[in-house]
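First the structure, in the form of structure tokens, and then the observations on it.
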Amino acid sequence: MMSNNFGEILKNVRKEKGLKGLEFSKILGIPQSTLSKIERGKTKRIDPNIVCKIYQVFNIDANQLLGIEPKDNSIPMEIEHKDNSITNNYNISIQKAQELENALNYVREELQKLALQDKRIFEILDVIDSFTINTKLDNGRIQIICRKGIILVEGFFKENEMLYALVLMSFFSEFYYKCRKVVLKIQKAEYCVAIDALFFYVGRILREQVLYDVKPNMDFQTEQFYKEFKELIEVAVNSLGDQIGHLTKSHNSQEADELKDIRAIYETITFEGKTIKYYDYIAKIYKTINIHNTVEIQYMLMNLYAKAYAESVLLLEKEVPSGQWFPATPWQIIMKMRIIIPKYFIETKGSL
């Protein structure tokens, strides 16, 4: 069930932690007057970043804030580290896919409830309905249909295949973008926070599958990828910096600030020797990975792509890429990233 009084739940959290309004507002990074309005139910829209801040500081996720009780068959929100050695067990593979299918059905049901109140939520449902899984096949195969996302594909996958993980994250990037887009349009706070909770729920489910249930691609070209990806990040930071400087000189401070937010996404990526440090906005932590860790490298790239894609397209206020918009730089960077993804991860033996 979902609570319709986010402000009341927030107030209870504050009291349970023994905090006064001023102390709590400083932790959340908002004025005390804003906190007071939220607690009294006087604010029409709540920034989902408030929910994220509560998660970071108090380890209380959005589901708890909304009073959502996960179903017994859903994957837990907290993901434990597992041994990197994957057991190629047919039954386990099918079971994991079925858990994913059940969890997506749960998210679909919750979105349909919200859609009864605001029809714009059907934009998100359209994405989630484009992604289907069929586990009732012989020979240890899983059928996945992904009609929206970075990779539009319908195919049969064996357990632990690299392309399987790529399709999961491809779906996630489109799902993330649509969630962000709808949240910006909707004015009712409880709907915004509910969508945010469901987005993070889906993200963690896919993260578990991508990081722990996929066999690494042994043909991955480590040195080439590292060099090309590093150049991409450097170009992104530098070119956006140049454009920000140009806009600042022309006294267009609003667009300059918007581009700063996009550049900050790429600035979360740093390179140290043969490792890459990146910010995982699903797990809300910085992680350092070795470039030989093919599976997590792929997850990192798709994680970055989803964030950069959504923020850039929302800034440009377009859905159909043309490369002719102003400012064009964010989209040009995304297109380069979109070339890297299939170049290094799609060619997997025995996939489709």
Side-chain angles (χ1 to χ4, degrees), residues 1-2 48 51 61-63 66 68-77 79 94 96-136 142-157 163-186 188 190-211 213 281-282 299 302-303 305-307 309-311 313-314 319-320:
M1 295 296 295
M2 187 178 298
V51 180
D61 63 45
N63 280 352
L66 291 168
I68 297 176
E69 298 180 2
K71 293 186 177 181
D72 293 338
N73 57 12
S74 61
I75 300 173
M77 296 298 286
I79 300 168
I94 293 297
K96 296 297 285 185
Q98 288 173 340
E99 288 176 354
L100 173 60
E101 186 177 25
N102 292 338
L104 290 179
N105 285 335
Y106 164 67
V107 172
R108 184 181 288 107
E109 291 171 4
E110 293 298 323
L111 286 170
Q112 286 172 341
K113 294 176 186 176
L114 293 173
L116 294 175
Q117 305 298 323
D118 196 307
K119 299 301 181 184
R120 287 170 291 194
I121 291 173
F122 278 110
E123 291 185 40
I124 306 175
L125 277 167
D126 181 52
V127 176
I128 207 167
D129 286 341
S130 74
F131 185 84
T132 57
I133 303 173
N134 183 6
T135 59
K136 298 176 177 63
I142 301 168
Q143 183 183 33
I144 293 183
I145 303 173
C146 181
R147 296 191 180 95
K148 294 182 182 293
I150 299 171
I151 303 172
L152 312 180
V153 66
E154 176 177 355
F156 298 91
F157 299 82
L163 189 56
Y164 169 60
L166 190 59
V167 172
L168 292 181
M169 293 305 293
S170 175
F171 156 73
F172 174 69
S173 67
E174 186 71 12
F175 182 70
Y176 175 76
Y177 162 64
K178 285 295 183 182
C179 286
R180 288 283 293 113
K181 180 183 175 185
V182 171
V183 161
L184 289 176
K185 291 181 178 179
I186 294 178
K188 291 193 175 182
E190 61 267 26
Y191 298 162
C192 295
V193 181
I195 292 171
D196 192 55
L198 294 172
F199 153 66
F200 279 107
Y201 180 65
V202 171
R204 285 194 172 95
I205 292 167
L206 296 181
R207 177 176 180 267
E208 182 184 53
Q209 291 229 336
V210 171
L211 292 181
D213 290 353
Y281 64 92
I282 297 174
Y299 168 75
M302 297 301 294
N303 187 38
Y305 183 95
K307 181 73 170 175
Y309 175 85
E311 299 301 330
V313 178
L314 289 169
E319 286 193 62
V320 181

Checklist entry - Run the side-chain contact (heavy atoms from CB on, under 4.5 Å) check on L111 and L198 step by step: do they pass? => result CA-CA 8 Å; L111 286 170; L198 294 172; 3.8 Å; yes
Next on the checklist: If you apply the rule side-chain contact (heavy atoms from CB on, under 4.5 Å), what do you find for Y191 with V183, and how did you get there?
Outcome noted: CA-CA 8 Å; Y191 298 162; V183 161; over 6 Å; no
Checklist entry - Yes or no on side-chain contact (heavy atoms from CB on, under 4.5 Å) for V202 and L104, after CA distance, side-chain angles and deciding distance? => result CA-CA 7 Å; V202 171; L104 290 179; 4.3 Å; yes
Item to check | Worked verdict on Y309 versus Y176 for ring pair (Phe, Tyr, Trp, His ring centres under 6.0 Å) | outcome: CA-CA 9 Å; Y309 175 85; Y176 175 76; 9.4 Å; no
Checklist entry - Please walk me through it: do F131 and V127 pass side-chain contact (heavy atoms from CB on, under 4.5 Å)? => result CA-CA 7 Å; F131 185 84; V127 176; over 6 Å; no
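One finds the OG atom of S173 at 12.0 Å from the NZ atom of K178 (value rounded to the nearest 0.5 Å). For the atom pair CD1 of I128 and CZ of F171, the computed distance is 4.5 Å after rounding to the nearest 0.5 Å. Atom CD1 in I205 sits 13.0 Å away from atom CZ in R207 (nearest 0.5 Å). For the atom pair F122 CZ and L114 CG, the distance stands at 10.5 Å (nearest 0.5 Å). Here the straight-line distance linking atom SG of C192 with atom NZ of K185 works out to 12.5 Å at 0.5 Å rounding.
Partners of E101 by side-chain hydrogen bond (donor to acceptor under 3.5 Å, both in side chains), not counting sequence neighbours: none found. F172 pairs by the ring-ring contact (aromatic ring centres under 6.0 Å, His included) definition with F199, not counting sequence neighbours. Scored by the side chain to side chain contact (heavy atoms under 4.5 Å, CB included) test, D129 finds R108, L125 as partners (sequence neighbours excluded).
Closest heavy-atom contact between A310 and R180: CB-CG, 4.4 Å. Here the closest non-hydrogen pair linking I186 and R120 is CA-NH2, 4.0 Å. Taking each heavy atom of L100 and L168 in turn, the nearest pair found is CD2-CD2, 3.8 Å. Nearest approach of F175 to V107, heavy atoms of both residues: CZ-CG1, 4.4 Å.
With contacts defined as side-chain heavy-atom distances shorter than 4.5 Å, the pair L184/L314 qualifies. For the pair V210/E208, no side-chain contact is recorded, criterion being any heavy-atom separation below 4.5 Å from C-beta on.
Here K113 pairs with E110 in a salt bridge; the nearest charged N to carboxylate O distance falls below 4.0 Å.
The backbone N or O of I282 lies less than 3.5 Å from a partner atom in the side chain of R204, making a donor-acceptor pair.
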